[in-house]
Every structure is written in structure tokens, then in C-alpha cells.
Q: 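One structure follows; several queries about it will come next.
Worth knowing before you read on, the calculation uses all heavy atoms, side chains too, and leaves out hydrogens, waters and symmetry mates. It should be emphasised that the depicted structure is a prediction, and the values quoted were computed from it without experimental measurement. A, B, ... follow the sequence lines: proteins, then strands. Residue 1 opens every chain.
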2 protein chains.
Amino acid sequence: MDRKTATIQDVARIAGVSTATVSRTLSKPSVVAKSTREAVLDAVAETGYRVNATASNLRRQRTGTVIVLLPNLANPFFSQILAGLASVLTPAQLGMLIADTQSGPDPEERLRHYLTSGQADGLILLDGTLSPEALAIPGRPPVVLACEWMGHDLPSVRVENARGAALAVGHLARLGHRRIGHVTGPRGNVLTETRLEGFCAALQELGLPLDDHWVLEGDFSMDSGAAAGRAWLGMTDRPTALFLSSDEMAIGFLGEVQRAGIRVPEDVSIVGFDNIEIAQHLSPGLTTIRQPRTQIGVRAAELLLAMIETGSLTGPSELIEVEFIVRGSAGVPPA
Amino acid sequence: MDRKTATIQDVARIAGVSTATVSRTLSKPSVVAKSTREAVLDAVAETGYRVNATASNLRRQRTGTVIVLLPNLANPFFSQILAGLASVLTPAQLGMLIADTQSGPDPEERLRHYLTSGQADGLILLDGTLSPEALAIPGRPPVVLACEWMGHDLPSVRVENARGAALAVGHLARLGHRRIGHVTGPRGNVLTETRLEGFCAALQELGLPLDDHWVLEGDFSMDSGAAAGRAWLGMTDRPTALFLSSDEMAIGFLGEVQRAGIRVPEDVSIVGFDNIEIAQHLSPGLTTIRQPRTQIGVRAAELLLAMIETGSLTGPSELIEVEFIVRGSAGVPPA
DNA sequence: TTCATACTTGTAAACGATTACATTCTTTGT
DNA sequence: ACAAAGAATGTAATCGTTTACAAGTATGAA
């Protein structure tokens with residue numbers, strides 16, 4: 001058909017109107033007369049015109065992009081969140097620029113860069129390790145935190161992390177466990193700390209002992225879960241149950257101890273966090289705490305969208321419920 | 001400091017030169033005199049000026065974006081490929097717009113849309129289900145296929161899929177298996193077909209029987225692997241080993257049969273495909289075929305980058321080697 | 001008839017960069 | 001000393017939209 005893509009000028013000429021009218025027809029159809037609207041739409045169809053997003057963005061002083069900053073793109077936990085984000089952002093004509101903080105040298109510097117570069121209309125931050133101080137930049141775009149964050153009133157989407165930990169402890173206690181261990185995420189991470197606090201508070205409430213040796217530090221990865229498994233195997237005074245701060249770590253732990261001949265849940269009970277897809281396909285199925293990841297993405301995107309449209313830097317936060325999922329990996333303690 | 005972000009005009013004024021000189025200083029420093037260059041760079045530093053990518057793109061008739069089209073964002077298999085893509089595209093000032101074909105109704109229509117909308121300087125296609133006919137669009141941007149694709153000379157990054165299947169069959173045959181089954185991906189998908197062909201050819205070459213009942217159709221997902229597991233459990237004439245076209249399916253299969261009391265590899269041997277991270281953390285570890293996913297992403301991005309820079313619609317293809325990974329899930333057949 | 005009001009539409013100035021072309025100032029060879 | 005070539009810089013058009021403002025037309029009330 002057309003050698004080059006049609007511009008708004010072409011459409012205007014063919015429809016016999018001005019470019020202003022074409023633009024209006026496309027953005028606010030209600031303000032143009034029905035007959036003109038039809039003529040314009042016909043011309044659009046005839047030329048196959050599509051608005052040039054770059055020109056539109058330039059004129060409207062926006063970028064058409066939001067940046068999503070997450071710790072590690074290769075972590076499957078985030079892919080569903082991304083899917084949720086995309087489902088809201090794409091219809092709003094916003095592209096997602098995805099960047100991870102681990103690939104570069106200085107994550108906080110990266111964050112600062114994105115905030116100052118003016119390359120985005122907004123930013124969604126999924127990394128709980130970055131300190132919120134880095135957000136104190138004048139003229140920055142709106143930011144939504146899609147993870148727990150303490151002591152700041154920035155808009156965020158969080159899940160009931162402490163409650164999730166309490167649910168896990170409660171379940172294990174009800175099964176009869178009195179020696180319950182915990183594998184944390186990386187220290188300093190807000191998710192780590194919140195879940196750890198929830199864990200300790202729940203133990204205390206139930207009058208259960210807390211041994212420092214039973215709290216192992218991980219980093220949410222399967223490898224660190226496997227390392228925790230080796231540590232557990234080497235203990236003289238093993239807890240009979242463990243709550244792990246991520247399903248990935250639970251998987252690593254499970255595989256490691258199973259390969260050492262330990263039976264789950266007969267010899268040790270484990271509870272994970274996240275309910276990633278694979279949890280139900282393990283043997284035994286992984287008892288865990290479900291986070292609705294797609295929903296987290298959707299809500300974060302909606303929050304950000306509202307801020308972008310109103311030009312506001314603040315907004316409401318959202319607390320998303322968790323749900324306890326009982327499968328086979330937690331049972332009664334060994335006799 | 002500045003209420004608004006500085007423009008090239010501000011820099012020009014402060015440096016006492018024209019905007020043309022500022023632009024040249026930033027893009028081709030060699031053509032401006034040393035003294036002016038320094039003055040300009042000082043002014044840039046003073047104002048904190050950063051070029052407005054939108055304006056630059058508009059003038060240069062590009063978009064600064066490449067679209068990555070994949071079947072399903074929530075599939076962890078793709079996240080590492082994305083990481084590889086990002087590591088090349090980001091330094092080249094290109095953002096990635098990630099879209100999945102499964103969320104909308106008509107994937108081919110989506111593809112056509114992206115190709116005609118002029119919203120991207122290039123496109124990377126990771127979905128082997130889409131037919132290449134949809135690419136026959138005049139004036140479309142360069143495209144790189146990052147998956148197997150038959151009968152087309154479009155630039156692509158592929159892995160040795162058929163050889164991977166042959167490696168799996170060879171390994172199982174060497175262990176003594178004579179009744180080997182296969183769980184495929186979705187029919188019509190090029191990966192599915194190529195691996196199936198490789199599987200059949202290898203069986204034939206080794207003089208092993210091929211029973212149609214032993215070839216089950218899956219869709220690469222864990223759920224479909226679990227379904228295949230149930231189908232296998234219900235067979236009267238079970239194969240002693242199975243090659244599954246994805247690790248995810250292998251995981252689903254493994255969990256399903258293990259929960260039914262089947263021991264792996266004593267009762268049945270399984271081999272997967274992909275070597276996703278979790279493969280090594282299962283119990284038993286999953287014997288599989290490794291695809292270097294980050295590398296696939298990196299090479300695809302490099303290919304596309306070269307095409308964008310030369311303005312060419314064709315380019316070389318790349319074949320990436322696979323590697324057989326021996327773990328515990330395949331052993332000698334039961335007596 | 002006449003004026004106010006509401007509707008439509010057009011005019012033209014941005015948005016912020018890039019770059020072809022023109023201009024000015026140096027060199028350098030003869 | 002002068003023309004030609006080269007180097008450095010400036011001028012201004014351009015990329016494709018959006019939108020404030022102006023201008024025109026129709027409608028209805030007085």
C-alpha cells in the first residue's frame with residue numbers, strides 16, 4: 001500500500017478537515033460532530049494511520065514508559081507480577097522498561113539514575129533492599145513500591161507478611177511442633193525482617209522456645225535453601241519443623257535433605273512462602289503461604305496509573321491478603 | 001536545583017554557543033574544537049542536562065524501543081532470556097517492550113499490530129507457535145526469531161533441538177532402555193516438532209521400537225507433565241523411560257508419579273529439556289539438556305542490533321549448542 | 001430582529017532535539 | 001599576497017502531534 005506510514009496530515013487532507021480535528025476525533029470523539037467523526041475514521045481506515053507515539057509523547061511531555069526495577073529478572077517469582085503490571089499498563093499505552101538491580105554494580109545509583117533521567121512517567125520498585133532515601137529527589141516521577149516498606153508513607157502494595165509467618169507457625173504448632181526453625185531472606189531486606197518479626201512474635205505468643213541457632217540466613221534462592229538444608233543436617237539439636245521465607249528456599253532445602261535420605265514430612269516438616277506454581281507439583285506438595293502475585297502487579301500498576309494521571313507523588317497504599325495453603329510437606333513431629 | 005529539567009537551549013545559552021554545537025558535542029565530539037567542547041561539557045554538568053530521548057527519537061525517526069514477544073511472561077524459562085536481551089539492548093539505549101501473546105485473544109493479530117504500528121525499531125520473537133506468514137508486511141522493522149523456525153531464512157537464534165532429543169534417547173538406550181516414550185510440547189510449535197523428529201530419528205537409528213501410545217502431547221507446562229504422569233500410570237504397557245520436551249513437564253511428571261509411590265529412577269527414568277535452575281534441586285536431580293538461555297538472549301539482541309544499525313531486514317542466523325546434563329533421574333531400567 | 005450561548009472547527013505555536021546548508025575564520029600552497 | 005581548502009560554528013527547517021485560542025455557525029430567548 002503506502003510506502004511510508006501515514007501521518008495525521010494525510011488523514012486530515014483526505015478527510016477534508018484540519019489536523020486538530022483528526023487529533024480530537026481520536027482522543028475525545030465526543031467533541032466532534034458525528035458526520036466529521038465518520039469522515040475522519042474513514043480516512044484513518046483508508047490510510048491505515050496510527051498515531052506516532054513519539055511525537056505524541058513529546059508534545060504531551062510524557063515518555064509513555066514506566067520503569068520496573070526488580071532485584072533479579074531471572075527469578076520466576078517476578079514474572080507473574082510483571083504479567084499483572086503489563087495487563088494494566090499496556091492498555092494505558094504505557095510500555096514497561098524492565099531493569100534489574102543485580103546486574104549492575106551500584107543498585108542505588110541505578111535507581112537514582114532512572115529517577116533523574118526523565119526517561120519514565122513512573123517507577124515501580126520491587127526490590128526491598130534499596131533504601132527509600134534514594135527516592136528523595138526533587139522533580140522525580142511518581143513511585144509505587146510493590147513490597148513491604150517500613151517507616152515511609154510512600155504509596156505501596158504490600159502483602160500481610162507478618163501474618164503469613166504467624167499462620168505458618170500456628171499451623172506447625174497445632175501439628176504438635178515445639179522446636180521450629182526459620183530460614184530468612186537476606187538481612188536488611190524488608191520482607192526478610194517483617195517475616196522474621198512475625199515469626200518471633202508468633203513463637204512468643206504461643207510460648208514456644210526460640211533458639212538462635214535455628215534461625216538461618218538465606219537469600220531467597222534455591223541454592224541458599226540447599227545450604228540451609230546442609231546446615232540443618234549438621235545440627236545436633238535439630239528443629240522438627242522449619243518455616244522458610246520463600247518457596248524457592250523451601251525447594252532447595254527439600255531436595256537437599258531428601259537426597260540425604262530424610263523423609264518429609266515424617267522426619268521434618270517444612271512450610272514455604274509465596275505459593276509459586278511448582279509448589280503443588282513437588283512430592284510432597286509444599287505447604288506454603290499464597291501471595292496473589294498477579295494481583296500485586298495489577299494493583300501496583302493501577303496505583304501508579306492514578307498518580308501519573310493526577311500528577312501526584314502520593315497516593316493510597318494497599319494491603320493484600322495472604323492465604324495459607326495446606327499440602328503434604330508439614331505433618332506431625334517425629335515421635 | 002532546577003524546577004524543570006534543562007533543555008539543550010539552556011545548555012547552549014550558558015555555554016555561549018548554538019544548540020547545534022551542543023548537539024554535536026554530545027554525539028560527535030571530534031568535530032568541535034576542544035575549547036568549545038569543554039565549555040559545553042561544563043554547561044552540561046552545571047545544568048544537569050540529559051538529552052530528551054523522546055525529542056531525539058522523533059527527529060531521528062526511530063523509537064528507541066524493541067518489542068519482545070513471548071508466549072507467556074509468567075514462564076520462568078523466559079526470564080533468563082530477557083536478562084540476556086537486556087544486557088545488550090540497554091547499553092544501546094534501547095528499551096524493551098515486553099508483551100505476551102497469550103494474554104490477548106488473537107496472537108497473530110497482536111504480532112501484526114506491533115509490526116505495523118511503528119512503535120518499535122525491531123522485534124524479537126520468542127513464540128514458535130506464530131506462523132511466519134504474519135511477518136510478510138511491507139515496511140516492517142527488522143525481526144529476529146529466538147527459537148527454531150523451519151522453512152524460512154529469517155535471521156534467528158536456535159539451539160540444536162533435534163540433537164538434544166537424540167542425546168536424550170542415546171543416553172537412555174545406553175542405560176539399557178528399549179521402551180522409550182516422549183511427552184511433546186503443543187502440536188504445531190516448531191520446538192515441539194523438531195524435538196519430536198529428533199526423537200523418532202534417534203529411535204530408528206538405534207533400532208528401537210516406537211509405539212504411538214508412548215508419545216503424549218503436552219504443552220510445556222507442569223500441569224501437562226502431571227497429566228502425562230497420570231496417563232503413564234494408567235498404561236498397561238508402560239515405557240521404562242520418557243524424554244519430556246521441557247523440564248517443567250518433567251517436574252510435573254516426576255511429582256505426579258512420585259506421589260503415586262513410583263520411585264525414580266528405579267521404576268521409571270526421565271529426561272527433561274532446558275536445564276532450568278530447579279532441575280538440580282529436585283530429588284532425584286533431573287537429567288536434562290541444557291540450553292544456554294542468557295546466551296540465546298544476548299545473541300538475539302546482538303543480531304537485531306546489527307540489523308537496526310544497518311537498516312537491513314536480513315542477517316545471519318546462529319546455532320547454539322546444547323549440552324547433556326547427567327543427574328539422577330535416569331538410571332537402568334527395572335529388571 | 002438581535003444577542004447570548006453552545007457547538008464545531010481551524011490556525012498556529014509549542015514540545016526538544018538533529019542536521020543540511022550557509023557562513024565565518026584559519027591555514028596553506030603558490 | 002591571494003585563492004582555495006579546511007575547520008568550526010551558526011541558522012533554521014524539520015520530525016508528528018496536541019491544544020490554547022480564535023473564529024465561525026447554529027440555536028433559542030427576548
Q: Once you round it to whole Å, what is the distance between P of D:dG10 and CZ of B:R13?
A: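 Those two atoms, CZ and P, are 14 Å apart.
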Q: Rounded to whole Å, please give me the gap between CZ in A:R37 and C1' in C:dT9.
A: 14 Å
Q: Check nucleotides 22-25 of chain C against the protein and report each pair of N or O atoms closer than 3.5 Å, with its distance, or say if there are none.
A:
none

Q: Are B:N57 and A:T54 linked by a side-chain donor-acceptor pair shorter than 3.5 Å?
A: no
Q: Output the distance between atom CG (A:L125) and atom CD1 (A:I67), rounded to the nearest 0.5 Å.
A: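 So the gap between those two atoms works out to 11.0 Å.
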Q: Give a yes/no answer on whether the side chain of B:Y49 brings an N or O atom under 4.0 Å of OP1 or OP2 in C:dA17.
A: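 Yes.
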Q: Write down the atom of B:A12, the atom of B:S18, and the distance for their closest heavy-atom approach.
A: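 Heavy atoms only, the tightest pair is CB-C, 3.8 Å.
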Q: Base, sugar-phosphate, or nothing for B:V22, non-hydrogen atoms under 4.0 angstrom?
A: nothing
Q: Just checking A:R50: base, sugar-phosphate only, or nothing, at a heavy-atom cut-off of under 4.0 Å?
A: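 Result for A:R50 = sugar-phosphate.
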Q: Give me the bend of the helix from C:dT1-D:dA30 to C:dT30-D:dA1, using the axes of the five pairs at each end, rounded to 10°.
A: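 Axis-to-axis angle, ends of the helix: 50°.
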Q: Which heavy atom of B:P155 sits nearest to which heavy atom of B:V143, and what is that distance?
A: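 Residues B:P155 and B:V143, closest heavy atoms: CG-O, 3.5 Å.
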Q: 5'-most contact on DNA chain C: A:K34 or B:L58, nearest heavy atom basis?
A: A:K34
Q: Looking at D:dC15, C:dA17, C:dT9, which one has an atom nearest to any side-chain atom of B:I8?
A: C:dA17
Q: Taking only the side-chain nitrogens and oxygens of B:T36, find out if one of them lies under 4.0 Å from OP1 or OP2 of D:dT9.
A: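 Yes, because at least one side-chain N or O of B:T36 sits under 4.0 Å from OP1 or OP2 of D:dT9.
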Q: Distance from B:I98 atom CD1 to A:L82 atom CG, nearest 0.5 Å?
A: 7.0 Å
Q: Round to the nearest Å and state the distance from A:Q9 atom CD to D:dT14 atom P.
A: 12 Å
Q: Taking atom CG of B:L97 and atom OG1 of B:T63, what is their separation to the nearest 0.5 Å?
A: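 The OG1 atom of B:T63 is 9.0 Å from CG of B:L97, to the nearest 0.5 Å.
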Q: What nitrogen or oxygen pairs link the protein and nucleotides 19-28 of chain D at under 3.5 Å?
A:
unit_1 : atom_1 : unit_2 : atom_2 : d
D:dT19 : O4'    : A:R59  : NH2    : 3.4

Q: As an exercise, state the distance from CD1 of A:I124 to SG of A:C147, rounded to the nearest 0.5 Å.
A: 11.0 Å
Q: Return the nearest nucleotide to the side chain of B:N52; candidates are C:dT9, D:dT18, C:dA17.
A: C:dA17
Q: Which residue, B:V44, B:V17, B:T25, B:L41, forms the side-chain contact (heavy atoms from CB on, under 4.5 Å) with B:V11?
A: B:V44
Q: Does B:S23 use its side chain to pair, donor to acceptor, with the backbone of B:T19 at less than 3.5 Å?
A: no
Q: Taking CG from A:D10 and C1' from D:dT17, how many angstroms apart are they, rounded to a whole number?
A: 13 Å
Q: OP1 or OP2 of C:dT9 less than 4.0 angstrom from a side-chain nitrogen or oxygen of A:S18, does that happen here?
A: no
Q: Which heavy atom of B:L305 sits nearest to which heavy atom of B:V88, and what is that distance?
A: CD2-CG1, 4.0 Å
Q: CG/B:L145 to CG/B:L69 distance, rounded to the nearest 0.5 angstrom?
A: 11.0 Å
Q: To the closest 0.5 Å, what do you measure between CZ (B:R50) and CG (B:L26)?
A: 11.0 Å
Q: Counting only side-chain nitrogens and oxygens, does A:Q61 get under 4.0 Å of the OP1 or OP2 atom of D:dT18?
A: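 No, outside the criterion.
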Q: Does D:dC15 have OP1 or OP2 sitting under 4.0 Å from an N or O in the side chain of A:T54?
A: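 So the side chain of A:T54 is outside the cut-off, no N or O lying under 4.0 Å from OP1 or OP2 of D:dC15.
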